[in-house]
Amino acid sequence: DVKVTQSSRYLVKRTGEKVFLECVQDMDHENMFWYRQDPGLGLRLIYFSYDVKMKEKGDIPEGYSVSREKKERFSLILESASTNQTSMYLCASNDGGRTVYFGPGTRLTVT
Amino acid sequence: AQSVAQPEDQVNVAEGNPLTVKCTYSVSGNPYLFWYVQYPNRGLQFLLKYITGDNLVKGSYGFEAEFNKSQTSFHLKKPSALVSDSALYFCAVRDDSSASKIIFGSGTRLSIRP
């Protein structure tokens, strides 16, 4: 079974804090993604990575950065958290154009 | 740029009736199309995909979807709805000319009443 794991299910941070969301996949997938899910807006792509140290901006990259130092790990960084970044964050991976596998999600609250 | 639209926020169907959840897309190349389902407090689960070949694709839990190139649609269907099908459904598209970018729709909440 493909497994995508995320470091936390729930996270509460204060405005201005630096926040790290970690994601690990165990299927040697080339591609990894970070999405945020908000009611009525669906899933919006923040960043994706198609190889180690390679990344591309998605539709809403502002306020976020990413790091992919190893193939299995893709980190999302909020440099200075703001209340409008309160959301559900979903990590995913796939190999080429094939099925995308999702992690369980991290519900982040910024107060 | 690729995009995907799910025109209905909510679909309500009586148990035992057929259901349809609509999806339309826009890509510059050939589309790869997907449907995912999210049950309450659960992650997204893959239902089915269209890459090439037969326009009618069968997936998990008795769902199927029909790829219509002329209408740029990929509607999700099931002949007989179950209460347990109640969930949030997402359509997604990848343009085969893009570097793996996959875009999701806004989601449709499917509610099946007994």
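What you are looking at is a predicted structure, and each value in this text was computed from that prediction instead of being measured. All heavy atoms count here, side chains included; hydrogens, waters and symmetry mates do not. We name chains A, B, ... by the order of the sequence lines, and we start the count at 1 in each one.
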| task | Measure the shortest side-chain to side-chain distance between B:Leu44 and A:Val100 over non-hydrogen atoms and say whether it is less than 4.5 angstrom. | result | no
| query | Going hydrophobic residue to hydrophobic residue with side-chain gaps under 4.5 angstrom, can you get from B:Leu19 over to B:Val11? | reply | yes
| task | Against chain B, label A:Arg44 side chain, backbone, both or neither, depending on which of its atoms sit under 4.5 Å from a heavy atom there. | result | neither
| message | Applying a strict under-4.5 Å side-chain criterion to I, L, V, M, F, W and Y, I'd like to know whether A:Val12 and A:Leu108 cluster together. | response | no
| Side-chain heavy atoms of B:Ile102 within contact of A:Asn94, under 4.5 Å | yes
| request: Using the rule that two of Ile, Leu, Val, Met, Phe, Trp, Tyr join whenever any of their side-chain heavy atoms come within less than 4.5 Å, decide whether A:Leu90 and A:Leu78 are in one cluster. | output: no
| request: Could you tell me whether A:Phe102 and B:Phe104 have their ring centroids closer than 6.0 angstrom? | output: yes
| field | A:Lys71, NZ atom: more than 12 neighbouring heavy atoms under 6.0 Å | value | yes
| query | At their closest point, which heavy atom of B:Ser106 faces which heavy atom of A:Gly40, and how far apart are they? | reply | CB-O, 3.8 Å
| message | What part of B:Gln45 gets within 4.5 angstrom of chain A, counting heavy atoms only: side chain, backbone, both, or neither? | response | neither
| Does A:Tyr64 belong to the same Ile/Leu/Val/Met/Phe/Trp/Tyr cluster as A:Leu41, with side-chain heavy atoms less than 4.5 Å apart forming each link? | no
| task | Taking the side chain as every heavy atom from C-beta outward, state whether A:Leu43 and B:Tyr36 have any pair of such atoms under 4.5 Å apart. | result | no
| Same hydrophobic cluster for B:Phe67 and B:Ile103, using side-chain heavy-atom links shorter than 4.5 Å among ILVMFWY? | yes
